[in-house]
Amino acid sequence: MTTTAETMPYAEAIAAFEPVLGLETHVELGTASKMFCSCPTAFGADPNTQVCPVCLGLPGSMPVVNRMGVESTIRMGLALNCSIAEWCRFARKNYFYPDMPKDYQISQYDEPLCFDGWLDVTVETDDGPRAFRVEIERVHMEEDTGKLTHAGGATGRIHGADYSLVDYNRAGIPLIEIVTKPIVGTGELAPLVARAYVTELRDLMRSLGVSDVRMEEGSLRCDVNVSLNRAGDDWGTRSETKNVNSLRSVERAVRSEIERQAAVLSSGGRVIQETRHFHEDTGRSTPGRSKEQAEDYRYFPEPDLVPVAPSREWVEELRGTLPELPSAKRARLRAEWGISDHDFQTLVNGGALELVEATIAEGVDPAAARKWWTGELARIANDREIELADVPVSPGQIKHIQRLIEDGSLTDKLARQVIEGIIAGEGDVDDVVAGRGLAVVSDDSALLAAIDQALVDQPDVAEKIRGGKVQAAGAIVGAVMKATRGQADAAKVRALLFERLGVSE
Amino acid sequence: MTTMEGDLTRQSATVLADAMAQGEVSAEEVTRAHLDRISEVDGDVHAFLHVLSDEAVEVARGVDRRRAAGERLGPLAGVPLALKDVLTMSGVPTTCGSRVLEGWRPPYDSTVVERLRAADVVILGKTNMDEFAMGSSTEHSAYGPTRNPWDLERIPGGSGGGSSAAIAAFEAPLAIGTDTGGSIRQPAAVTGTVGVKPTYGGVSRYGLVALASSLDQAGPCARTVMDAALLHAAIAGHDPRDSTSIDAPVPDVVAAARKADIRGVRIGLIKELGGEGYQAGVSQRFDEAVEVLTDLGAEVVEVSCPNFEYALAAYYLILPSEASSNLARFDGMRYGLRVGDDGDRSVEQVMALTREAGFGAEVKRRIMIGTYALSSGYYDAYYGQAQKVRTLITRDFAAAFEQADVLISPTAPTTAFKIGEKVDDPLAMYLNDVATIPVNLAGNAAMSLPVGLAPEDGLPVGMQVIAPAMADDRLYLVGAALERALVDRWGHLLIEEAPDL
């Protein structure tokens, strides 16, 4: 350990150095079957139940390319403005590891299916939104490995473990790897650009339907490359922080690596070319294996597969199937809904965009739809520390609730209780309304009885209202609302009260 | 009913199938006769690593029952067969001649086995081979060498020496071999039998434990050209589980074998494969067979394939490269041998100890060569250059096939050598395949068939016939014509001259 500080404060680091980023993102495709066999890809099955001779790499077995995997990769490449190879091959990446059934991974090497594209991303700054173009080096196909679980030992890693378990259900699940070219010129915004890029990739894949990108299931994994150089100098030595698995972690990993490397460089040290492991709990990384002696994967063309040669007709046909991409869609919605950049960004950042859009599509007024998702539901998500999309209330249920409000059957306050009931598992909207007896009391005689009682209880207030002090009505309305346990429409109570007292508002 | 009994094992598959179809003999009798023969002679020959005694009889009985029920069965129904131990068969040990796979029983059938079952062929057992098909003598089997039925002191060829010896020893009328650089043809040549390497992609590789994926091809071994044709037809054809299998109709090899008329067929004699380095008796019998072809009305011309001289060098880069990757999975983690797992050693140490103990010297040699050839900084100079040579060899073939319908050469430069003679000299061993390797590099089809005994040692000599890809039928046309003429001359198949065991 050196005695110098291990990190330099971020502002100081950015003042002294310019960061260069590179991101390699692996995403599991949402195909029904694996990349090279027909085993299912469903998440969460019992270990080693979704396997066959091919994905177990049994002697003699042979891979067959999943056409849907190729199709998804091409669509992703097209959405990233890439060129699509007319002819390319799979390659074997050779290395020994127990999560690898064949001790090589079928991947692509110097002939990726998609190459030379870009993705525009926007980050919020104090001076308003700023756009960056992230250039894409390549998009290629490969197979996932099995999943290792290490038991015993302190580190949760293979070294020191008492034993390790392998689940080959994941082996052979199609992955695409999206590699950026070096991202320069982001300055202090580097962590935000990295996060915005991965967010945009995620949204893109979801809108294409090629993956549902369940980050908590590890279906998107990011390797973050960072180097620093002083202005005008050549690029520095980079480190590669592996398996950064959430949007927040991408941002933190870039930031902490900038702080770490800046401290090393400013104390006269040398950044080592190495892989690093990111720790979610501390937000810091620790060194993994050194890459000074580059690992030799002995890539060579996969002789068990024939080349992939997508016809131009097919590529154009796939281009025709691309949906409206997230950036274009956002521009359109902003215009259609007529809301400010700021309000729109709030929706996007809160993960509410799709939900609001779906709710509007159900026929709910845009303002009401936004109100629900950025208000009550966002609060619930926040309290429960879950993603908004994971709050178990659907756009259809919001429509139902909103309709009940509009026809006077529910008040806003009752509606919130309905939502509470849905989340508590009490059933659908109607079930909760019935189960909790939440219908608005609209029976005039019942309301009038409650009003009369309140007038008797508060004769002085009654007198004031009769004398024309309509502001005093609140006390009576409040008492009626209390008597009806909030299930009355306050406006209606007010109107009935004035009618009863023969006072006009 | 029993008119054929006693000599059932001496019959061809065609004759046996016909006799079974006519009800002259049952499949069970045929199977038992061959199992008896195996018990009798395999102690000396050691063609089999695993004999499926009970299962084979069971399958044969099933065939008899179905035939008795009036079912129409295929042309090989009830015929026994020996399967090279490199093809998976569900529940049956598959060792590839290696310790590293000892005890492994695959949970699935290879496509070849699936098709053999569909054809009602009776599989007698698994045959011995050089470890992972690396070798030309079957001496590299971890389970001991197979011996040549012509002379038990000599090698039966390799890697498929078990399959060819089983045929030559009358333990089975048919066998399946695999051919990466000559492993069907060279054993056929040195045992006086027929062996065919089909067009690459002609027979599915699914379930064939890969040595070199871009070269491997399974094919038929038999004592007659017609038997080989029937077996070829049974196993060939597109398989969606093998991406490299060709999606096109299988050439009608049976019709070609039946036709056996080569009048006007142009036959190209490959100048570079013959002469110096070839045993005198091999050259002599080969030349005599060429005369027979001419007599039969073929037009024999000389063709030149100048790049063949680089074939062996290219082959010994491509094969080890692919093999080093294909054999990586034998690491003791999932199946087969595991060595050194004492609870303290790391996974890397267990993998290394397993591979150290599980692989023989030849396998290790090729894994090391391949690992080196694929390494960063060497790839272009070795693997890359070898692929270029491969292209040149393919062009040589294309040019030669402009001048000729089929090409011919001796199959192997020598007759069967003595066990132990070359086992410590890898280069001498590799040279055995000098004439067969170019075919694998180009993906063509080729056959070896016996053309006589070398006068100096009385051992069989084979002729290789080569056809363009997906013209496998030409092999059978030429092979059957030559075989018929030679049998007419000798009065019997050459194999009949093999000494009694």
Side-chain angles (χ1 to χ4, degrees), chain A residues 36-38 48 51-54 56-67 89-106 109-110 146 148 150 152 158-164 166 168 171 293-308, chain B residues 86-88 94 96 101 104 106-108 110-111 132 201 204-210 212-216 239-245 318 321-322 324-336 343 346-348 350-352 355 370-379 383-384 387:
Chain A
F36 300 113
C37 64
S38 56
N48 298 310
V51 293
C52 73
V54 177
L56 284 176
L58 293 187
S61 66
M62 294 181 69
V64 175
V65 175
N66 180 341
R67 185 179 162 93
R89 286 177 294 187
F90 285 95
R92 289 188 186 176
K93 180 180 183 179
N94 295 286
Y95 65 98
F96 287 89
Y97 212 67
D99 64 4
M100 297 257 294
K102 305 179 290 289
D103 285 315
Y104 59 81
Q105 179 190 28
I106 305 177
Y109 181 49
D110 50 357
L148 278 168
H150 305 296
I158 196 165
H159 292 290
D162 291 338
Y163 60 88
S164 303
V166 199
Y168 291 109
Q293 254 121 32
E295 183 129 358
D296 190 348
Y297 293 118
R298 290 173 283 117
Y299 282 101
F300 73 105
E302 166 57 278
D304 281 336
L305 291 171
V306 292
V308 176
Chain B
V86 71
L87 287 146
T88 64
T94 300
C96 301
L101 268 178
W104 182 59
Y108 76 105
S110 53
T111 297
F132 288 108
S204 172
R205 290 190 294 119
Y206 188 79
L208 192 178
V209 180
S213 311
S214 74
L215 302 164
D216 296 343
D239 177 11
R241 287 175 298 189
D242 172 1
S243 307
T244 64
S245 95
I318 292 167
S321 295
E322 294 184 11
S324 71
S325 175
N326 282 329
L327 271 59
R329 70 191 69 191
F330 304 108
D331 61 6
M333 293 297 110
R334 291 160 297 274
Y335 41 77
S346 72
V347 71
E348 289 85 357
V350 172
M351 284 182 177
R355 292 167 68 79
T371 302
Y372 187 82
L374 288 177
S375 294
S376 162
Y378 299 98
Y379 180 92
Y383 188 81
Q387 290 295 3

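Here the structure is a predicted model, which means the values were calculated and not measured. Letters go in sequence order (proteins before strands), and every chain restarts at 1.
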**Side-chain heavy-atom pair B/M333, A/D103 within 4.5 angstrom cut-off** = no

**Prompt:** Relative to chain B, which segment of A/P98 carries a heavy atom at a distance below 4.5 Å: side chain, backbone, both, or neither?
**Reply:** both

**Item:** Residue part contacting chain A, namely of B/N326, when any heavy atom lies under 4.5 Å
**Value:** both

**A/Y109 atom OH, over 12 foreign heavy atoms within 6.0 Å** = no

**Request:** Answer yes or no: are there more than 12 heavy-atom neighbours, outside B/Y378 itself, under 6.0 Å from its atom OH?
**Result:** no

**Message:** For chain A, which candidate among B/G332, B/G384, B/S375, B/S214 shows the most heavy-atom pairs at distances under 4.5 Å?
**Reply:** B/S375

**Item:** B/T244 versus chain A, the contacting section by heavy-atom distance below 4.5 Å
**Value:** both

**Request:** May I ask you to test the A/M62-B/S213 pair for a side-chain heavy-atom distance under 4.5 Å?
**Result:** no

**Request:** Can you see which heavy atom on A/P301 is nearest to which on B/Y383, and at what distance?
**Result:** CD-CE2, 4.0 Å

**Request:** Check each atom of A/D304 against the heavy atoms of chain B and say whether the ones under 4.5 Å are side chain, backbone, both or neither.
**Result:** both

**Message:** So for B/T371, is it side chain, backbone, both, or neither that comes closer than 4.5 Å to the heavy atoms of chain A?
**Reply:** both

**Asked** B/A328 and A/F96: which non-hydrogen atoms are nearest, and at how many Å?
**Response** O-CE2, 3.3 Å

**Message:** Once rounded to the nearest 0.5 Å, what's the spacing between atom CD of B/E348 and atom OH of A/Y97?
**Reply:** 7.0 Å

**Message:** I'd like to check A/R298 versus B/S376 (side-chain heavy atoms, cut-off strictly below 4.5 Å). Are they in contact?
**Reply:** no

**Request:** Check whether any side-chain heavy atom of A/E302 lies under 4.5 Å from a side-chain heavy atom of B/S243, and answer yes or no.
**Result:** no

**Asked** Roughly how far, to the nearest 0.5 Å, is CZ of A/R92 from OG of B/S324?
**Response** 9.0 Å

**Request:** Can you tell which part of A/Y163 gets under 4.5 Å to a heavy atom of chain B, answering side chain, backbone, both or neither?
**Result:** neither

**Asked** Going by heavy atoms in the side chains, are B/E322 and A/F300 under 4.5 Å from each other?
**Response** yes

**Request:** Please state whether the side chain, the backbone, both or neither of B/Y206 comes within less than 4.5 Å of a heavy atom of chain A.
**Result:** both

**Asked** What option among A/P59, A/P303, A/G57 has the most heavy-atom pairs under 4.5 Å with chain B?
**Response** A/P59

